[in-house]
Every structure is written in C-alpha cells, then in structure tokens.
Amino acid sequence: MKRKQKVTGATALLLATALLAAACGSQSGSADETTKKDKGTGAPAISDAPVTLTAAIDSVIIDPALEKLIKDKLQKQHPNITLNIIQPVKGSTLDELIASGTVPDIVFTYSGRLTAFQEKGILYDITELVKTHKVDLSRFEPQMIADTKVGSPNGELYGLPYSRNFHAFYYNKDIFDKFGVPYPQDGMTWEQILELAKKVTRNEGGTQYRGIDPGSGISWIYQPLGIEADDYKTGKATLNNDKWKRVFELVKAMFTIPGNEPRGNAIDNFLKEKILAMIMYTNMFSQLEGPTKEGFNWDIAQYPSYTERPNIYGNASVNIMTVTKTSKYKDQAMQVIEAAISDDVQLESSRQGRISPLLSPQIQAEFGQNLDILKGKRIASIFKSKPVPYPNSSPYRSKSEAIAKTYFNQYLAGTIDVNTALSKGDEEINKMLQAEKAKQ
C-alpha cells in the first residue's frame with residue numbers, strides 16, 4: 001500500500017537542498033573513468049573518484065531505517081559514492097524530476113510499475129551489469145526474479161529486488177475471547193473464514209462488532225485466482241466469467257453478514273475502534289506499533305486460500321531498484337544496488353520487518369526480530385503462503401479494476417444482479433480500452 005508522507009517546511013528545504021546538491025554533485029567524477037577496462041582481466045575498472053548519485057522513489061516507501069542501512073553499507077564498501085535519495089514530495093516526484101531534466105541514476109519502485117516506465121524512456125537492461133559485477137542471481141527466490149521480468153518484452157532485467165511486500169491475516173484476540181470463539185487457524189479456506197466471521201459478528205452492549213473485512217474490497221480476493229479485468233495480450237475485457245463471479249459473490253457474502261456491513265475505514269475499525277475481528281491486509285506493522293503499546297491484543301494467522309489454490313495469496317509487489325538508461329554512472333549505480341542486496345543489509349532489513357527476496361533461511365528466520373510488537377506473534381504463519389506470480393498486466397489495469405469495483409458496488413447495493421454486473425462491467429471496460437487505443 002502507498003502512504004502519503006507528511007513533510008514539514010524544514011524537511012522540504014532539506015530535500016530541495018539535496019536535489020540541488022545532487023544536480024551539481026553528479027558532475028563529480030568523469031563518465032570516461034567509469035568505462036575504463038582493467039588491462040589484466042578485461043573487467044570494468046570502476047573509478048573510485050568521488051561521485052554523487054541521485055535516487056528517486058516511485059510508488060514505494062523508503063523509510064529512514066532502510067535508507068541508513070544502505071548508506072552505511074555504501075560508506076564501508078564505496079566511500080567515494082554519495083547517494084542522495086529524494087523523497088517523492090511535491091516538486092520531486094519521479095515524473096517531476098524527469099520533466100525538469102533531473103533524471104535520477106536509480107529508481108526505487110515495484111515490479112508492477114515497469115510497464116508504465118516503458119513510456120518514460122528510462123528503463124535500462126542491467127543483464128550485462130549483472131554479469132560484469134558477478135551478481136549471483138541464484139541467491140534470490142526464483143519467483144522474485146521472474147516477477148521482476150514481468151514487464152520485459154524479451155526477458156530484459158530492468159532491476160533487482162531488495163524486498164517484497166506480503167499479505168497477512170490479522171485478528172483481534174479480545175473479540176474472539178469475548179465471544180468464546182476459537183482463534184483462526186492456519187490453512188483455512190475462504191469458505192471457512194466466512195463461517196468463522198458469522199460467529200464473531202455480533203451486537204454486544206450496544207456495540208456492533210464486525211467479523212471480517214477483506215481490506216481492499218475485491219482487489220486482493222481476485223488476485224490469487226490469477227485473473228485480470230482485461231487481457232494485455234488481446235486488449236479485451238475479461239470480467240464476464242465464472243472466476244470473477246465467484247469473487248463478486250464471495251465478497252458480497254462477507255459484507256452481507258447481518259451487522260458486518262462496511263462502516264467507515266476498515267483499518268480504523270480494526271486499530272482504533274477495535275470493533276473488527278479479522279482483516280486481510282499487507283504489512284501494517286508500523287500502524288500496529290502505537291495500538292500495541294496501548295494494549296491492543298492482536299495476532300496473525302495464515303492468509304486464507306481458495307480450495308483449489310492452497311497456500312496462495314494475491315500479488316505481493318516485488319520492490320526493486322533500477323538503473324536508469326540516462327545515468328552516466330551505471331557501474332556505480334550497480335554498486336549501490338549490490339550494497340542493498342548484500343547479505344548483511346538484507347539480514348538487518350529482515351530483522352526490521354521487511355521480507356527479503358533472498359533464499360537464505362537464516363535471513364528469513366530473523367524476520368521481525370528487532371520489532372518488539374512482534375514478540376510472541378505467529379510470525380511463521382506469514383511464510384506459509386506464497387504470492388501468486390505477478391501478472392503481466394495491461395497499462396490500463398487500474399482503470400479496468402476501477403470499473404470492476406463500480407459494478408461490484410452496484411451488485412452489493414442490490415441494484416443489479418451478479419450476471420448483469422459482470423456483463424455491463426465487461427462492456428464498459430471494452431469501451432474504455434477502445435478509447436485509450438484511439439488516443440495513441
């Protein structure tokens with residue numbers, strides 16, 4: 001999930017200063033120096049002259065703790081490299097940087113954004129850099145590399161993963177205790193969760209308790225089935241079918257449990273009002289920190305599955321670092337990426353609550369060890385399910401999904417039946433696709 005970041009006047013001034021320094025500093029070191037070859041080995045003899053690299057952030061969050069990890073490692077390995085990570089506040093988003101002519105050397109983003117990056121003209125295939133820098137791709141979970149290549153027409157590698165998101169099943173233990181209902185167990189199906197939700201959806205002492213919320217409407221419910229609202233290959237809508245019908249009916253079944261109707265913000269229902277028993281969400285550890293210190297009694301179970309697709313949840317964005325096509329310091333940018341994916345940085349990042357894309361059992365075993373709020377929690381449950389392979393979505397995915405949500409809401413409200421919702425949604429998506437193609 002993407003979160004807005006509050007920026008003070010002082011912070012904005014610092015960012016502006018950093019941006020100016022980056023624009024000036026990137027003149028340090030000669031581009032010619034980075035292309036020299038070691039006469040003995042033929043490998044790139046990367047200049048150790050001082051150089052400043054800029055990194056933009058697009059649709060992910062780079063918090064101070066992760067930034068410090070990367071910069072500390074960089075300082076030890078390559079003290080000649082200064083890295084300016086520019087937070088995406090007004091005036092310094094990736095698009096605004098590109099428009100101003102300040103194209104960064106590196107971009108922090110996620111795999112699903114690479115299709116859109118094709119139009120920006122900044123993608124660079126780092127396959128040769130990986131070879132010359134002898135980066136061992138076998139250290140990564142194979143699916144993480146496969147997901148990174150989703151937006152590549154010919155198998156290009158446009159970046160490397162530094163972390164991945166995850167989906168988790170959070171529940172309020174106090175509500176289950178209050179009604180004498182057993183806690184959710186690992187390995188449950190959506191149908192079993194639905195029945196469990198009915199048992200904890202009650203009105204007690206004038207307070208209406210909700211049993212369940214899927215966290216993002218239909219979005220995270222359809223993804224495990226490997227379906228899309230439109231097909232990037234055919235350019236046609238793909239909403240009107242039995243799989244989407246199942247999704248619509250399942251989510252409506254949740255929201256029409258008497259007393260479980262959506263009320264306000266689901267996160268607030270869970271964290272602040274404490275009237276929601278179960279919520280499916282991505283990483284919300286930072287949001288749980290305050291409530292946990294105040295005594296909020298919660299835990300985690302394995303994410304629910306479809307019977308025919310056990311231990312699978314939705315798209316878990318692979319967070320990646322890319323080297324831009326226009327960078328004059330591609331080798332140094334690669335050194336920054338190497339620092340971010342090094343074992344020691346990944347181990348500490350895992351301890352801070354980020355899932356590493358690396359295969360290392362040790363790194364996975366240390367997940368969340370530095371977070372007091374996770375002590376005694378069923379953390380192992382998170383790793384019992386895996387994300388569905390990231391889809392090769394069309395550039396119009398967000399618009400298609402918005403149309404699907406509109407017709408689901410009409411179905412939920414009872415103004416149309418499910419078959420009509422899917423049929424009309426299909427028609428509207430096709431009209432949208434035709435209009436978008438006409439603009440090209």
Side-chain angles (χ1 to χ4, degrees), residues 1-3 5-6 11 55 57 60-77 83 85 87 108-110 139-141 144 160-173 186 215 267 270-272 279-303 313 316-321 336-387:
M1 298 294 292
K2 319 304 183 290
R3 292 177 291 179
Q5 303 189 25
K6 184 177 180 181
T11 304
I57 301 172
V60 295
I61 294 173
I62 303 298
D63 58 41
L66 179 57
E67 181 172 343
K68 185 177 186 303
L69 278 179
I70 296 172
K71 288 185 174 180
D72 284 353
K73 178 69 174 181
L74 202 58
Q75 179 61 31
K76 291 178 182 177
Q77 287 190 322
L83 179 64
I85 299 178
Q87 293 292 336
F108 289 88
T109 188
Y110 72 97
R139 295 171 58 233
F140 294 87
E141 290 186 31
M144 298 301 98
L160 286 177
Y162 65 89
S163 72
R164 73 166 170 86
N165 210 336
F166 61 89
H167 292 210
F169 175 13
Y170 305 86
Y171 62 95
N172 183 324
K173 296 174 73 174
D186 294 344
I267 291 290
F270 187 69
L271 295 177
K272 296 180 180 179
I279 186 170
M280 286 67 189
Y281 218 74
T282 52
N283 187 341
M284 51 190 275
F285 294 154
S286 62
Q287 294 161 282
L288 279 160
E289 188 171 350
T292 302
K293 289 178 179 178
E294 295 168 2
F296 182 39
N297 191 17
W298 62 278
D299 212 333
I300 300 174
Q302 182 183 4
Y303 205 84
Y313 54 69
S317 304
V318 179
N319 299 323
I320 64 175
M321 296 172 68
V336 174
I337 294 177
E338 288 180 279
I341 63 173
S342 62
D343 283 351
D344 49 344
V345 168
Q346 286 293 306
L347 179 61
E348 186 59 30
S349 181
S350 177
R351 289 170 176 164
Q352 293 177 0
R354 303 179 197 90
I355 292 185
S356 172
L358 302 184
L359 283 169
S360 169
Q362 180 192 0
I363 291 175
Q364 291 188 7
E366 294 284 327
F367 178 80
Q369 291 298 305
N370 288 1
L371 299 180
D372 289 339
I373 66 166
L374 298 186
K375 300 241 188 302
K377 305 301 182 185
R378 297 164 54 186
I379 298 305
S381 297
I382 294 175
F383 296 92
K384 290 183 178 180
S385 290
K386 298 293 183 184

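Heavy-atom basis, side chains included; hydrogens, waters and symmetry copies ignored. Note that this is a predicted model, so its numbers are computed, not measured.
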Worksheet item: With a 3.5 Å cut-off and no angle check, do the side chains of Gln302 and Ser385 form a donor-acceptor pair?
Response: yes

Worksheet entry | Contacts of type side chain to side chain donor-acceptor pair (under 3.5 Å), residue Lys76, not counting sequence neighbours | none

Worksheet item: In chain order, what residues pass the side chain to side chain donor-acceptor pair (under 3.5 Å) check against Asn172, with sequence neighbours excluded?
Response: none

Worksheet item: Which pairs count as salt bridge (charged side-chain N to carboxylate O under 4.0 Å, His left out) when at least one residue sits in residues 290-303, sequence neighbours excluded?
Response: Glu289-Lys293

Discussion item. My understanding is that only residues two or more places apart in sequence, or in another chain, count here; which of them pass side chain to side chain donor-acceptor pair (under 3.5 Å) with Lys377?
Written reply: none

Worksheet entry | ring-ring contact (aromatic ring centres under 6.0 Å, His included) partners for Phe270, two or more places apart | Phe296

Discussion item. Just to verify, what does Arg164 make a salt bridge (charged side-chain N to carboxylate O under 4.0 Å, His left out) with, not counting sequence neighbours?
Written reply: none

Worksheet entry | With sequence neighbours excluded, residues passing salt bridge (charged side-chain N to carboxylate O under 4.0 Å, His left out) with Asp186 | Arg378, Lys384

Worksheet entry | Residues which pass side-chain contact (heavy atoms from CB on, under 4.5 Å) with Ala55, listed by chain and number, not counting sequence neighbours | Leu83, Ile85, Ile106, Phe108

Worksheet entry | ring-ring contact (aromatic ring centres under 6.0 Å, His included) partners for Tyr171, two or more places apart | Phe176, Tyr183

Worksheet item: By ring-ring contact (aromatic ring centres under 6.0 Å, His included), which residues pair with Phe169, not counting sequence neighbours?
Response: none

Discussion item. Which heavy atom of Met144 sits nearest to which heavy atom of Pro161, and what is that distance?
Written reply: O-CG, 3.9 Å

Discussion item. Determine whether the aromatic ring centres of residues Tyr303 and Phe383 are separated by less than 6.0 angstrom.
Written reply: no

Worksheet, complete the sentence: Sorted by chain and residue number, the salt bridge (charged side-chain N to carboxylate O under 4.0 Å, His left out) partners of Lys272 (sequence neighbours excluded) come out as Asp268

Item to complete: Could you pull out all residues at least two apart from Glu348 that satisfy salt bridge (charged side-chain N to carboxylate O under 4.0 Å, His left out)?
Response: Arg351

